[in-house]
**Student:** 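Below are the structure tokens for one structure; questions will follow.
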Amino acid sequence: MIEFLLNTGSTIEEGRLAKGGSKLTEEYTQECAVCRMNPVDFQAMGLPQRVLVSAIDGRHAVAVYAYATDCMQPGQIFMPRAIWANVVVDPETFSTGSPLYKGSPVRVQPTQEDVLNAGDLTMKLYARGR
């Protein structure tokens, strides 16, 4: 398990799919249920297909697809701002009214867990009494 700083943000494709009402599609899952990291970090983790990203306090975690990209600095990861990232973003707002979408500390480790689509992840996280 390695600690990283999580940065989130909208991507063009995430925005196109979300605004088009396609959050429950496989295309949305493939675009948003991802963790992009520096190739050196990716190799150090063993080139995993999927990773488990956990909030630093360990209470919340989510399985996502892992990818290497030269666009990331070592020690940082990027996840599109969608339900998968929201699971692990530090909710502290520091009186700004907005959670820590940039620089949120997380832990990442390879996993064999399935990556859930937005509907299944919502049910897992928020369904009560089922």
**Student:** If hydrophobic clusters are built by linking Ile, Leu, Val, Met, Phe, Trp and Tyr wherever their side-chain heavy atoms come under 4.5 Å apart, do Ile56 and Val106 end up in the same one?
**Tutor:**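 The answer is no; the residues belong to distinct hydrophobic clusters.
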**Student:** Can you tell if the side chain of Arg36 reaches within under 4.5 Å of the side chain of Val34, non-hydrogen atoms only?
**Tutor:**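 Answer yes - side chains close enough.
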**Student:** Is there a side-chain contact between Thr29 and Asn117 in this structure, where contact means two heavy atoms from C-beta onward sitting under 4.5 Å apart?
**Tutor:**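 Heavy-atom side-chain distance check passes, below 4.5 Å.
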**Student:** Count the heavy atoms of every other residue, nucleotide or ligand shown that sit under 6.0 Å from CD of Gln73, and state whether that count exceeds 12.
**Tutor:**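 At most 12 heavy atoms, drawn from other residues, nucleotides or ligands, come within 6.0 Å of this atom.
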**Student:** Is it the case that more than 12 heavy atoms not belonging to Lys102 sit under 6.0 Å from its NZ atom?
**Tutor:**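 Yes, the 6.0 Å shell around NZ holds more than 12 heavy atoms from other groups.
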**Student:** Without swapping roles, check the side chain of Thr69 against the backbone of Met72 for a donor-acceptor pair under 3.5 Å.
**Tutor:**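 No.
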**Student:** Hey, what do you get for CG (Leu125) to CD1 (Ile83), rounding to the nearest 0.5 Å?
**Tutor:**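 The distance works out to 5.5 Å.
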**Student:** Step through the shown structure and confirm whether more than 12 heavy atoms of other residues, nucleotides or ligands are within 6.0 Å of CD on Gln109.
**Tutor:**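 Yes.
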**Student:** Any side-chain heavy-atom pair from Ile2 and Arg107 closer than 4.5 angstrom?
**Tutor:**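 Contact flag for Ile2/Arg107 side chains = no.
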**Student:** I'd like to know whether Val115 forms a side chain to side chain contact (heavy atoms under 4.5 Å, CB included) with Arg50, so could you lay out the CA-CA distance, the side-chain angles of the two residues, the decisive distance to 0.1 Å, and finally the verdict.
**Tutor:** CA-CA 8 Å; Val115 175; Arg50 296 179 300 259; 3.6 Å; yes
**Student:** Judged by modelled atom types alone, do Gln76 and Asn38 share a side-chain donor-acceptor pair under 3.5 Å?
**Tutor:**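 Checked: Gln76/Asn38 side chains show no N/O donor-acceptor pair below 3.5 Å.
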**Student:** Answer yes or no: does atom CD of Glu26 have more than 12 heavy-atom neighbours from other residues, nucleotides or ligands under 6.0 Å?
**Tutor:**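 Yes.
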**Student:** Assess whether side chain to side chain contact (heavy atoms under 4.5 Å, CB included) is satisfied between Tyr65 and Gln30, documenting all intermediate values.
**Tutor:** CA-CA 8 Å; Tyr65 300 106; Gln30 292 294 321; 3.5 Å; yes
**Student:** Is it the case that one hydrophobic cluster holds both Val89 and Val64, taking links as side-chain heavy atoms less than 4.5 Å apart, direct or via other members?
**Tutor:**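 Both belong to a single hydrophobic cluster.
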**Student:** For the residue pair Thr111 and Pro48, establish whether any side-chain heavy-atom pair is separated by less than 4.5 Å.
**Tutor:**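 No - every pair of side-chain heavy atoms lies 4.5 Å or more apart.
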**Student:** Check Asp70 against Pro39 and note the closest heavy-atom contact, atom names and distance.
**Tutor:**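 Asp70 and Pro39 have their closest heavy atoms at OD1-CG, 3.2 Å.
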**Student:** Ile77 versus Leu5: any side-chain heavy-atom pair under 4.5 Å?
**Tutor:**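 Not in contact.
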**Student:** Quick one: does Thr11's side chain get under 4.5 Å of Phe78's, heavy atoms only?
**Tutor:**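 A side-chain contact exists here, since the closest heavy-atom pair is under 4.5 Å.
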**Student:** Looking at Ser104 and Val88, what are the two nearest heavy atoms and their distance?
**Tutor:**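 Looking at all heavy atoms of both residues, the shortest contact is OG-O, 4.1 Å.
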**Student:** Quick check on the hydrophobic clustering: are Val108 and Met1 connected, directly or via other members, by side-chain heavy-atom contacts under 4.5 Å?
**Tutor:**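 Hydrophobic grouping puts Val108 apart from Met1.
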**Student:** Evaluate the criterion side chain to side chain contact (heavy atoms under 4.5 Å, CB included) for residue pair Met79 and Val53; output intermediate values, then yes/no.
**Tutor:** CA-CA 10 Å; Met79 293 173 68; Val53 180; 4.2 Å; yes
**Student:** What's the separation between atom CD in Gln112 and atom CG in Leu52, rounded to the nearest 0.5 Å?
**Tutor:**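 Interatomic distance, Gln112 CD to Leu52 CG, rounded to 0.5 Å: 11.5 Å.
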**Student:** Quick one: are Val87 and Leu121 in side-chain contact, heavy atoms under 4.5 Å?
**Tutor:**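 With C-beta onward as the side chain, the pair touches.
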**Student:** Is any side-chain heavy atom of Cys32 less than 4.5 Å from a side-chain heavy atom of Trp84?
**Tutor:**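 In contact.
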**Student:** Please check if Tyr126 and Leu24 belong to a single hydrophobic cluster, counting links between Ile, Leu, Val, Met, Phe, Trp and Tyr side chain heavy atoms closer than 4.5 Å.
**Tutor:**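 Tyr126 does not cluster with Leu24.
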**Student:** Using the rule that Ile, Leu, Val, Met, Phe, Trp and Tyr join whenever any side-chain heavy atoms are under 4.5 Å apart, tell me whether Val40 and Val51 fall into a single cluster.
**Tutor:**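 In one cluster: no.
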**Student:** Identify the two heavy atoms, one from Asn7 and one from Gly103, that lie closest to each other, and give their separation to 0.1 Å.
**Tutor:**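 Between these two residues, the closest heavy atoms are OD1-N, 3.0 Å.
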